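Since the structure comes first, as structure tokens, the remarks are kept for the end.
Every value quoted in this text rests on a predicted model; they were computed, and no experiment measured them. Lettering of chains follows the sequences in order, A, B, ..., and the numbering in each one begins at 1.
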There are 2 protein chains.
Amino acid sequence: MDVRQYIEDHAAEFFGALGQWLAIPSISADPDRHEDVRRSADWLKDHLTGTGFDVVEVWPTDAAESAGLPAVFAEWRASDPAAPVALVYGHHDVQPVEPRAEWDSPPFEPAQRDGLLFGRGASDDKGQVLFHALGVRANLAASGAARPPVTLKVLIEGEEESGSPHFADLLRAHADRLACDVIVVTDTGMWAADVPSMCVGMRGVVAAEVDLRGPEADLHSGSFGGGVPNPLHVLADLLSGLHDSDGRVTVPGFYDDVLPISGSERELIARLPFDEKAWLADAGHSGAVAGEAGYSTLERIWARPTAEINGMWGGHTGAGGKTIVPAEAHAKLSFRLVADQQPAAVIAGLRQYVSEHTPPGIESMVTAESRGVRPCFSAPDSPAVRAGRRAMERSFGMPVLFTREGGSGPEADLAEILGAPLVFVGVGLDADRIHAPNERVDMALLLKGAEAAAYLWDELAAAAGELTPRGAQGGRLPATGTGR
Amino acid sequence: MDVRQYIEDHAAEFFGALGQWLAIPSISADPDRHEDVRRSADWLKDHLTGTGFDVVEVWPTDAAESAGLPAVFAEWRASDPAAPVALVYGHHDVQPVEPRAEWDSPPFEPAQRDGLLFGRGASDDKGQVLFHALGVRANLAASGAARPPVTLKVLIEGEEESGSPHFADLLRAHADRLACDVIVVTDTGMWAADVPSMCVGMRGVVAAEVDLRGPEADLHSGSFGGGVPNPLHVLADLLSGLHDSDGRVTVPGFYDDVLPISGSERELIARLPFDEKAWLADAGHSGAVAGEAGYSTLERIWARPTAEINGMWGGHTGAGGKTIVPAEAHAKLSFRLVADQQPAAVIAGLRQYVSEHTPPGIESMVTAESRGVRPCFSAPDSPAVRAGRRAMERSFGMPVLFTREGGSGPEADLAEILGAPLVFVGVGLDADRIHAPNERVDMALLLKGAEAAAYLWDELAAAAGELTPRGAQGGRLPATGTGR
């Protein structure tokens with residue numbers, strides 16, 4: 001029996017199981033639903049046990065200071081101990097459902113309409129997690145083997161929609177058991193239903209507040225205006241100078257670690273049917289794109305780092321006028337990062353920049369908001385990405401293009417801590433309305449995902465000789481990539 | 001009897017009267033004290049009647065939309081109908097007294113300590129108004145005449161500390177009766193008790209809000225950052241560009257109407273014993289002065305126009321980070337103006353500047369906060385100022401220097417509407433703590449003010465031939481000034 005036939009034969013059963021799981025309101029952000037998040041983990045444990053995994057465990061994530069929500073770990077060993085090891089990453093918690101009144105059917109009573117399955121988590125991420133259980137069964141049905149051609153590990157966390165607060169600790173605590181040659185992320189999307197694509201990178205982020213102080217208190221601008229430095233002017237100068245006339249960020253060293261985007265990736269990005277006007281209109285941003293000279297809009301938002309002012313304030317901001325030289329000026333900045341930029345290095349560069357742009361009479365301070373999120377990137381021509389792309393192309397029967405994502409979640413931690421490259425195999429769509437009312441998933445695409453997942457293990461097994469030895473490579477340092 | 005002897009002989013009587021007036025809490029900003037403001041006007045009317053003025057009237061300022069507080073008008077005609085006409089301007093309302101607990105003696109129970117008279121209004125402005133009544137009596141005592149050598153008009157308003165909302169209307173309504181050859185402003189200060197000086201100009205001001213709008217709502221900076229214009233970046237660029245590298249304002253036409261400061265005025269300003277470090281320390285501004293290249297600090301804050309950012313806001317300004325491309329950015333700007341700049345012309349220039357600096361995809365709007373306040377200036381070598389300076393030098397027995405003020409009140413309206421030059425004869429000091437607890441006045445200086453006022457009428461009468469014909473000249477257009 002071939003993979004496609006198996007999946008077709010078991011589709012009803014698959015959607016039945018998914019419907020059960022979607023009925024569990026595993027909202028990690030809502031303390032009243034934490035028992036449901038635990039029930040969701042137990043449901044998945046039972047399901048993966050039924051699928052045939054050798055080991056299925058619910059892993060608590062309690063940290064000293066706070067109660068965490070459980071992840072599910074499973075492992076199905078290959079017959080060949082030398083076979084590659086793949087780790088599937090996803091999450092079983094879901095977003096809140098407010099505003100509930102805008103749902104056409106209740107968010108936790110899954111409903112099928114017109115080939116779509118509606119319900120919170122249908123696309124993000126339960127549907128995309130569950131197709132792996134169907135996929136591995138289809139792989140075995142086609143091969144007739146009792147075990148998959150790679151050792152298959154699964155780690156499905158329960159706190160992704162709450163910022164994965166315990167995830168890095170969990171990875172470090174279980175690094176031995178999670179050791180793998182490739183990480184398959186099953187939490188991303190495609191360009192469109194008829195334009196299958198794979199993500200190959202996510203931008204990181206680091207944020208900081210810049211505080212400037214001048215006089216001890218606001219001064220009367222009649223008495224002092226024009227004679228002393230005004231912190232708001234200094235801030236405007238400092239922020240205006242953050243970009244040069246080509247839209248490049250002027251923070252010292254900012255581009256030192258930036259991997260240039262390869263000609264082949266640019267070529268594939270250019271083939272995406274991108275309607276810039278529609279994209280702007282969706283954003284409610286009329287008129288114009290803007291950004292770094294020499295790059296297309298998609299390259300700018302996916303493959304190039306940025307500096308953004310997220311907020312700015314100082315002086316009199318209420319009604320009417322107040323003629324003062326204000327005492328303080330503040331800005332919140334964030335930087336989107338691309339491989340191989342390091343959050344700490346960018347903050348150090350920002351400190352230097354601010355210090356160099358602070359004139360006498362003004363004091364400046366830069367405070368990092370957090371440790372930041374590292375960017376991640378898998379070279380399109382790396383063995384793991386090529387294996388994933390072949391699996392997707394076999395499933396969809398057409399060429400698969402590349403995308404990236406402008407923001408990122410815990411993926412960079414996975415690549416960094418486990419030292420393995422990331423492969424993004426996902427079939428979500430922008431139309432899925434994740435994080436919004438009436439979340440849904442295209443049922444045919446979920447089955448395509450299962451099919452791609454079934455082929456993926458064969459493709460990775462075939463690429464075994466090319467994969468970098470386990471633990472030797474981080475997604476952040478894709479040293480095997482070429483032509484970038 | 002000479003002027004000085006007369007004043008000495010009547011000093012106790014003068015301070016007794018002033019104490020009565022200071023006991024009336026004429027706080028125009030406090031509706032509960034409006035009856036006291038009216039009592040204060042009546043008190044002054046009685047006092048000026050007792051002084052010997054021909055006409056003394058309380059002028060209501062009620063406008064159609066709001067109840068105003070009364071001004072006091074008085075006139076004492078010269079014997080010679082061809083004698084110059086001088087109008088003394090001051091105010092009888094006072095600032096609020098909060099924080100009351102910080103007063104060493106109650107604000108409306110005048111107290112004398114160490115040659116100082118404490119009480120709200122002692123310096124600003126009742127003390128300085130009242131010395132004119134003593135001054136004119138001393139003039140008459142010295143000359144033996146029954147009438148002053150100039151026709152003396154007095155206009156003492158009751159809403160100055162509330163922004164003089166009805167004052168321009170009052171001037172227009174009574175322009176015929178207020179017609180004069182020179183306006184003597186008795187509401188300013190001197191450099192120091194031992195450095196007598198006269199103000200010769202006040203900066204005007206005009207304020208506006210700049211609003212920029214980009215996307216309809218805040219955008220996720222991961223998805224859009226680097227690809228669309230960010231209103232906060234545009235605002236920072238726009239505000240940073242408001243000054244060139246010499247600190248000059250780049251608003252189109254900004255300097256077109258600016259009268260250059262004359263070499264002789266600069267020379268007199270340079271003779272003022274100005275301690276820049278102490279000035280900065282008083283302002284709580286450590287370290288450095290800043291401003292337009294080629295000018296001293298006093299020239300910058302007195303004689304040069306400025307652009308100041310008074311407030312700025314947009315995007316996320318709360319705790320923590322929020323990685324957005326914000327929808328809006330706002331700034332409040334004010335411009336200090338010097339003669340002969342016009343508020344409306346500066347706003348027009350700002351509109352042009354903002355429009356030229358708004359890139360595609362961003363909408364901008366400039367809203368003027370009000371009609372603004374015109375600057376005023378009296379050339380130091382004009383006949384009226386020279387007469388005032390001679391009177392001051394006779395009173396103080398030493399050279400009198402020139403200052404200006406960085407901000408302004410209704411003086412520009414006086415000069416503009418009445419078409420007469422301004423002469424500032426005031427003996428207030430920075431140490432008087434006007435608008436603050438423990439307001440006080442140096443009693444010896446008040447008597448010096450009375451003495452200067454006594455001489456002033458003789459000096460103006462002597463300069464009659466040089467004064468510009470009545471109504472032909474505004475303080476804003478000091479066409480008779482030379483060497484500026």
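- With chain B as partner, the option from A/Ala288, A/Gly227, A/Gly214 having the largest number of non-hydrogen pairs under 4.5 angstrom is A/Gly227.
- Although no hydrogens or angles enter the test, the distance criterion places a donor-acceptor pair under 3.5 Å between the side chain of A/Asn230 and the main chain of A/Leu232.
- B/Asp237 places no side-chain N or O within 3.5 Å of a backbone atom of B/Val234 that could act as its donor or acceptor partner.
- Put simply, of A/Ile362, A/Thr297, A/Thr306, A/Val228, the one with the most heavy-atom pairs under 4.5 Å next to chain B is A/Val228.
- Neither the backbone nor the side chain of B/His330 comes within less than 4.5 Å of any heavy atom of chain A.
- Looking only at atom types and distance, the side chain of A/His435 has a donor-acceptor partner in the side chain of A/Asp124 under 3.5 Å away.
- For chain A, the nearby parts of B/Thr317 are the backbone and the side chain; heavy atoms of each come within less than 4.5 Å.
- Counting heavy-atom pairs under 4.5 Å between each of A/Glu216, A/Arg300, A/Arg336 and chain B puts A/Arg336 at the top.
- Of the possible donor and acceptor atoms, none in the side chain of B/Lys322 sits under 3.5 Å from a partner among the backbone N and O of B/Gly315.
- Proximity to chain A (any heavy atom under 4.5 Å) is shown, for B/Leu239, by both the backbone and the side chain.
- Using modelled atom types, one side-chain atom of B/Ser197 and one backbone atom of B/Trp191 make a donor-acceptor pair closer than 3.5 Å.
- Most heavy-atom pairs under 4.5 Å with chain A, from the set B/Arg203, B/His233, B/Glu363: that is B/His233.
- Neither the backbone nor the side chain of B/Ala281 comes within contact range of chain A, judged by heavy atoms closer than 4.5 Å.
- Rounding to the nearest 0.5 Å gives a distance of 11.5 Å between CG of A/Leu298 and CZ of A/Arg404.
- When each of A/Gly311, A/Ser223, A/Ala329, A/Gly247 is scored by its heavy-atom pairs under 4.5 Å with chain B, the top score falls to A/Gly311.
- Residue B/Val205 touches chain A through its side chain alone, counting heavy-atom pairs closer than 4.5 Å.
- For B/Trp279, the parts lying under 4.5 angstrom from a heavy atom of chain A are both the backbone and the side chain.
- Between chain A and the options B/Arg213, B/Met202, B/His243, B/Arg304, the largest number of non-hydrogen pairs under 4.5 Å is found for B/His243.
- Of the atoms belonging to A/Leu219, it is side-chain heavy atoms, and not backbone ones, that fall under 4.5 Å from chain B.
- Within 6.0 Å of CD in A/Glu276 there are more than 12 heavy atoms belonging to other residues, nucleotides or ligands.
- To the nearest 0.5 Å, the span separating CD1 on A/Ile309 from NZ on A/Lys332 amounts to 13.5 Å.
- Of the listed residues (B/Ala217, B/Gly226, B/Gly291), the greatest number of heavy-atom pairs within a distance under 4.5 Å of chain A belongs to B/Gly226.
- For B/Leu238, no part lies under 4.5 angstrom from a heavy atom of chain A.
- The residue among B/Gly318, B/Pro305, B/Gly320 with the most heavy atom pairs within less than 4.5 Å of chain A is B/Gly320.
- The part of A/Ala319 that comes within reach of chain B is its backbone (N, CA, C, O), which places non-hydrogen atoms under 4.5 angstrom from that chain.
- Ranked by non-hydrogen atom pairs under 4.5 Å with chain A, the options B/Ala207, B/Ala236, B/Gly406 are led by B/Ala236.
- Using a 30° and 60° split on the angle between ring planes, A/Phe254 and A/Phe335 fall in the tilted class, from 30° to 60°.
- From A/Arg374, atom CZ reaches atom CG of A/Leu337 across 11.0 Å, with rounding to the nearest 0.5 Å.
- With rounding to the nearest 0.5 angstrom, the CG atom of B/Asp246 is 8.0 Å from the CZ atom of B/Arg248.
- Around the CG atom of B/Asp244, the shell of radius 6.0 Å holds more than 12 heavy atoms that belong to other residues, nucleotides or ligands.
- Only the side chain of B/Glu369 comes within less than 4.5 Å of a heavy atom of chain A; its backbone N, CA, C and O stay farther away.
- A distance-only check finds a donor-acceptor pair linking the side chain of A/Tyr353 to the backbone of A/Gly241 [under 3.5 Å].
- Heavy-atom pairs under 4.5 Å with chain A peak, among B/Thr323, B/Leu333, B/Val325, B/Val289, at B/Thr323.
- Looking at B/Ala307, the atoms closer than 4.5 Å to chain A (heavy atoms on both sides) all sit in the backbone: N, CA, C or O.
- Of the residues considered (A/Pro326, A/Pro229, A/Pro231), A/Pro229 shows the highest number of contacts with chain B, using heavy-atom pairs under 4.5 Å.
- A salt bridge links B/Glu299 to B/Arg266: one of the charged nitrogens lies within less than 4.0 Å of a carboxylate oxygen.
- Looking at B/Ser334, the atoms closer than 4.5 Å to chain A (heavy atoms on both sides) all sit in the side chain, from C-beta outward.
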